Amino acid sequence: MIILTNHDIENKWQKKWAESQIFESDPDNREKIFLTVAYPYPSGAMHIGHGRTYTVPDVYARFKRMQGYNVLFPMGWHVTGAPVIGIAKRIARKDQWTLDIYKNVHKVPEEEISKFTDPEYIVKYFSSEYHQVMQRLGYSIDWRREFRTTDPHYQKFIEWQFRQLESKGFVSKGEHPVKYCPGCENPVGDHDLLEGEGVGINELTLVKFEMDGDFFVAATFRPETLFGATNLWINPDEEYIKVDMHGENWIISKKSYYNLVHQKKGINVLEDVYAPGMIGKYVKNPLTCIEHIILPASFVDPEYASGVVYSVPAHAPADYIALKDLKENEEILERYKLKEKVQKIQPINVVTLKGFGKFPAAEIIEKFGVKNQQDEKLKDATNELYKLEHAKGIMSNHIEDYKDLSVQKARDEIINYLLESDKGDLMHDFAEKPVICRCGTKAVVKILEDQWFLKYSDDKWKKLAMNCLEQENIIPPEVRANFEYYIGWLDDWACSRRTGLGTKLPWDKQWLIEPLSDSTIYMAYYAIAKYMKDIDSDKLDDSFFSDVYLNAGSYSGDIDHELFNEIKNEFDYWYPLNWRLSAKDLVGNHLSFHIFHHSAIFPEDKWPKGIVVFGMGLLEGHKMSSSKGNVILLEDAIKTHGADVVRLFLMASAEPWQDFDWREKELKGIKRRIEWFSEFVERIAEISDSSISLKSLELGEIQKSINKWLLSQVNMRIKDATEALEGFQTRKALQEALFLFKKDIDHYFHRIEHELENHEAREEISITLIYVLSNWIRLMTPFTPHTCEEMWNKIEGEGFVSCAQWPEYEPDLIDEKVLKAEEIVQGLANDIKEIKKITDRQPEKIHVYIAPNWKLKVFEIAKEVGRPDIGQIMGRSIKLNLHDDKKEIADFAKKIAREVTKTKYVGKIDEYSIIRDSLDFLSHELGAEVIVYEDPTYDPQNKSRNAMPYKPAIYIE
RNA sequence: GCAGGGAUGGUCGAGCGGUCAAAGGCGCUAGGUUGAGGGCCUAGUGGGUGAGUCCCUUCGCGGGUUCGAAUCCCGUUCCCUGCACCA
């Protein structure tokens with residue numbers, strides 16, 4: 001048995017593979033397969049979730065290599081991006097949370113952590129750690145092509161890529177809202193946040209309500225409801241200010257200025273505004289020109305948007321309830337002398353919503369049981385109505401210009417109108433608050449100007465991408481629809497960043513190219529990466545890349561001509577990419593960009609051929625997350641379980657696109673299985689009385705039915721496992737190649753147990769088993785390469801099993817009748833057991849009767865008829881005069897009519913000899929003497945009449 | 001809301017028109033092995049019947065197509081994932 005946690009064996013083979021360079025792939029005359037998996041962003045240690053991602057391509061690469069393909073499986077490091085910058089800063093700041101994570105979750109030694117103040121060091125540290133772990137898992141990667149995305153050569157490549165896109169008109173300039181920390185003076189990502197992870201940014205419409213030449217600027221998500229405005233709300237307990245906005249005076253809350261100043265250029269504070277003094281004054285609605293009174297409301301959040309809200313009590317639950325509260329609040333009405341004015345205010349309907357009356361806000365408040373404007377449930381009520389009206393609302397009839405339009409349409413038109421006529425503006429705010437940076441500062445929404453975009457909205461480009469997608473294989477096929485959807489939906493993408501590691505935008509060096517954009521066509525870089533260490537990056541210019549990748553014939557530099565041609569041919573050989581593997585949450589961006597960029601830059605014959613999408617990893621049923629400490633590092637998993645067990649578990653517990661769940665308990669089961677597998681060699685050696693060698697294996701003519709059965713079964717497994725692997729179904733492949741395979745062998749051992757005494761039988765058994773073993777080891781090699789090399793070596797297989805030929809299934813060895821025969825024997829044993837159980841007695845003799853020939857004929861006729869048509873079956877049988885006793889034919893026809901459609905009929909089987917050959921087994925199994933009759937010479941209870949084809953009759957006594 | 005996926009036995013998870021009371025794992029029960037335990041091996045694991053290889057109920061819920069449906073169609077309820085500047 002091979003001790004799986006004996007890392008010497010793993011190391012031994014890893015070293016041998018590296019020494020013999022069997023995974024280093026260069027162009028030759030074989031057919032090629034080029035597959036890549038998303039290169040990792042090494043900002044932390046590799047955990048078991050990553051393990052699955054990178055094991056799948058390794059298994060496939062190994063499988064294809066054994067099938068005789070020239071397979072290229074490379075790896076690189078995506079060190080582009082901002083997260084490590086933040087990490088380095090936090091480490092420098094001695095942020096305890098960050099230090100804990102790196103010390104305890106990523107298990108970085110103390111002396112290393114101290115160097116983590118340098119972001120470059122972090123990615124270097126982890127990329128070399130990734131490299132080591134990948135080697136320890138036995139990945140068949142061509143390491144000569146390893147690179148980091150900050151290598152100068154790669155940057156040259158990215159610059160070329162972006163100039164290509166730019167020259168095709170797929171890059172444009174604009175502005176873009178981002179999360180921003182005024183404290184750090186930097187945009188912030190989710191990983192930089194203390195609070196507010198995953199919070200979105202919303203666009204709000206600002207509406208200017210005039211008052212004596214100044215403007216109260218109210219913010220809204222629903223400008224179409226302006227027609228239903230009844231008043232303005234401000235919060236009199238908060239501070240308001242007047243600001244200068246390009247010559248206009250705006251009145252907003254003081255706190256909202258904090259946010260807005262990052263979004264509006266040239267906005268300046270003029271003076272404080274005494275909020276209570278504004279209550280009761282009137283402003284003018286820019287759309288309807290109606291005058292609205294300014295009223296006090298406590299629900300108005302001065303930090304949200306502009307701190308000014310206009311009120312639509314018919315459709316906004318908050319407004320409705322605030323108005324109701326106010327009407328009942330004598331004290332406030334008295335304080336501001338509002339009583340009569342407020343009592344007059346009635347909701348105004350704007351939107352017609354099926355199933356609701358004129359004032360849906362009132363109904364929804366009722367439904368949710370909202371008590372006042374402080375009620376928690378108010379938010380839910382608002383959301384519900386917002387959704388409903390957005391989806392199904394129609395503008396009401398009395399609104400001249402917009403009647404009968406859907407709410408969505410009317411909203412867009414009204415926003416446009418407000419902007420064009422300068423009666424409104426736009427601003428952004430977070431969907432939820434608070435959003436707080438790790439430095440403790442409240443984050444804001446900032447508008448970045450001069451931002452560069454990739455124009456995924458471009459119809460020409462979308463069309464190219466669609467065409468590219470169409471010719472690709474997508475696994476699993478269901479996600480194709482997702483791709484189509486995303487390609488259609490993608491809008492312009494901000495592709496430049498202020499901070500992070502990466503490549504500068506070649507024509508605007510103040511910007512860095514964002515990480516999802518510099519990782520779209522890099523697979524093409526692998527093809528040439530192995531040459532790069534010998535070439536000075538200064539020699540790489542656009543003419544070089546255009547010539548290598550696009551055959552532009554443009555290269556004019558001084559790289560040796562022969563070398564240059566070799567590089568060019570190498571790319572030509574490996575491209576197009578056969579398979580791209582990545583996680584399912586990247587379908588909407590990374591993988592779609594990959595399609596976009598390839599279709600834009602490369603000619604059609606270099607477009608990628610296939611995509612495989614992965615599911616996520618769970619740990620004992622919970623989502624894995626480094627930041628929550630809920631991970632198991634691969635290194636630890638390898639240490640405790642061994643590389644092959646880890647690989648096997650990751651491949652066997654779920655298909656790649658399904659979520660897998662790492663469960664210690666199930667891991668143990670897997671381990672036992674593979675131990676059993678590795679012990680198999682010894683078991684065979686025991687049976688064949690000598691050590692095994694593949695050198696002398698010759699299958700020859702197999703006589704015994706049970707041996708033939710095993711060969712059939714094994715060949716079916718080979719066939720199914722191969723088909724499964726072709727489609728990346730690692731779980732199914734293992735189901736066939738390991739679990740069911742083992743089951744077959746268990747059954748086989750059970751069947752032959754009592755025959756091992758017999759010398760002749762034993763010889764054939766051992767030949768059969770060695771044949772099986774040789775196939776089995778090869779079948780398992782992609783999954784558990786170390787164990788398999790060790791076994792292969794032990795039985796004197798030739799060379800590395802990693803380079804051995806993948807077992808090809810032999811149709812000649814699959815004998816349906818043999819399989820059926822075994823089924824009959826097993827069925828018979830089970831039936832007898834059942835009868836024993838029912839009668840609750842241990843028989844001494846069991847008599848078995850085979851169905852007479854005429855029944856078989858009737859059976860065949862029934863099979864031909866194909867449906868339970870008793871009349872026809874009977875008619876045809878009688879006509880052929882199959883049997884003298886017509887009544888018996890009728891009974892039998894009736895009996896089998898339904899049965900026959902269910903039975904897989906493989907033709908006449910010599911049931912008598914099959915059972916006679918299995919008598920030893922049956923007697924042994926049942927603990928009684930078993931006698932089989934071709935003709936019922938002894939049948940005291942006339943049981944033989946029950947015999948059917950494939951189902952002998954039984955009499956026990 | 002939009003898009004995609006799903007609902008199967010104690011549980012995880014196959015199956016996607018007949019061979020389905022439904023693979024396989026885990027769990028549980030019994031027997032064997034063992035000094036004990038673990039591990040391993042064997043059998044069982046919806047209900048009934050109790051001399052016959054059968055019958056009944058079951059694959060979210062309700063209808064339908066078919067000789068036949070877990071599988072196809074229609075409706076319905078519930079669940080999960082994504083919706084962006086984050087790699």
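Predicted model, so just to flag it, every value in this text is computed and none were measured. Side chains included, hydrogens not; waters and symmetry mates left out as well; all remaining heavy atoms used.
- Side chains of A:Q713 and A:H747: a donor-acceptor N/O pair is absent below 3.5 angstrom, by distance only.
- Side-chain proximity of A:Y485 to the nucleotides B:U42, B:A3, B:C54 is greatest for B:A3.
- Using modelled atom types, no side-chain atom of A:R222 and backbone atom of A:V407 make a donor-acceptor pair closer than 3.5 Å.
- Residue contacts shown for A:N589 include a base, since a base heavy atom lies under 4.0 Å away.
- Contact annotation for A:P477: no contact, since no heavy-atom pair falls under 4.0 Å across all strands.
- Between A:F453 atom CZ and B:A84 atom P there is a gap of 15 Å when expressed in whole angstrom units.
- B:G13 and B:C59: their C1' atoms are spaced 13 Å apart (whole Å).
- Nucleotides B:C79 and B:G68 place their C1' atoms 32 Å apart, quoted to the nearest Å.
- Residue A:R222 contributes atom CZ, which lies 15 Å from atom P of B:G1 at whole-angstrom precision.
- Contact annotation: the side chain of A:S519 approaches that of A:H590 to within less than 4.5 Å [non-hydrogen atoms, C-beta and beyond].
- Counting any heavy atom pair closer than 4.0 Å across all strands shown, A:K668 reaches no nucleic acid atom.
- Aromatic ring centroids of A:H50 and A:Y130 lie under 6.0 Å apart.
- The OH atom of A:Y950 sits 11 Å away from the C1' atom of B:U19 (whole-angstrom rounding).
- Rounded to a whole Å, the CD atom of A:E655 is 16 Å from the C1' atom of B:G6.
- Within 4.0 Å (heavy atoms only), A:I201 reaches no atom of the nucleic acid at all.
- Between B:G75 and B:C56, the distance separating the two C1' atoms is 29 Å to the nearest Å.
- Comparing the C1' positions of B:G17 and B:G64 gives an interatomic distance of 15 Å, to the nearest angstrom.
- Within the nucleic acid shown, A:A652 has no heavy atom closer than 4.0 Å to any nucleic acid atom.
- Residue A:I670 is out of contact with every strand shown, counting any heavy-atom pair closer than 4.0 Å.
- Between A:F126 and A:Y41, a ring centre-to-centre spacing not shorter than 6.0 Å is recorded.
- Applying the salt bridge (Lys or Arg N to Asp or Glu O under 4.0 Å) test to every pair with at least one member in residues 482-501 of chain A, sequence neighbours left out, gives no pairs at all.
- Comparing the same atom, P, in B:U58 and in B:A22 gives a spacing of 16 Å after rounding to whole Å.
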Problem - nucleotides 22-32 of chain B: protein proximity per nucleotide (B base, S sugar-phosphate only, - neither; heavy atom, under 4.0 Å) - result: -BSBS------
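- Taking atom CG of residue A:L734 and atom P of nucleotide B:C12, one finds them 22 Å apart after rounding to whole Å.
- Under the 30°/60° scheme for interplanar angles, the aromatic rings of A:F649 and A:F660 are found to stand perpendicular.
- Side-chain contact, A:D518 with A:T80: a donor N or O sits under 3.5 Å from an acceptor N or O.
- Counted by atom type alone, A:S653 and A:R731 present zero donor-acceptor pairs between their side chains at under 3.5 Å.
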Exercise for the section: State the dot-bracket string of RNA chain B. Criteria: Watson-Crick or G-U wobble, both atom distances under 3.5 angstrom; notation: ( ) intrastrand, [ ] crossing earlier pairs, | interstrand, . unpaired. Expected result: ((((((((.[[[..)..(.....]]](((((((.....)))))))(((.....)))...[[[[[..)....]]]]])))))))....
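- Rounded to a whole angstrom, the distance from the P atom of B:U45 to that of B:G10 is 14 Å.
- Between the P atoms of B:G60 and B:G15, the separation comes to 15 Å (whole Å).
- With hydrogens and angles disregarded, no donor-acceptor distance shorter than 3.5 Å links the side chain of A:K820 to the backbone of A:I909.
- In this entry the distance linking NE2 of A:H176 with C1' of B:C86 reads 11 Å, nearest Å.
- To the nearest whole angstrom, the two C1' atoms, one in B:G9 and one in B:G25, are 14 Å apart.
- A:S519 comes within contact range of no nucleotide atom at all, as no heavy-atom separation falls under 4.0 Å.
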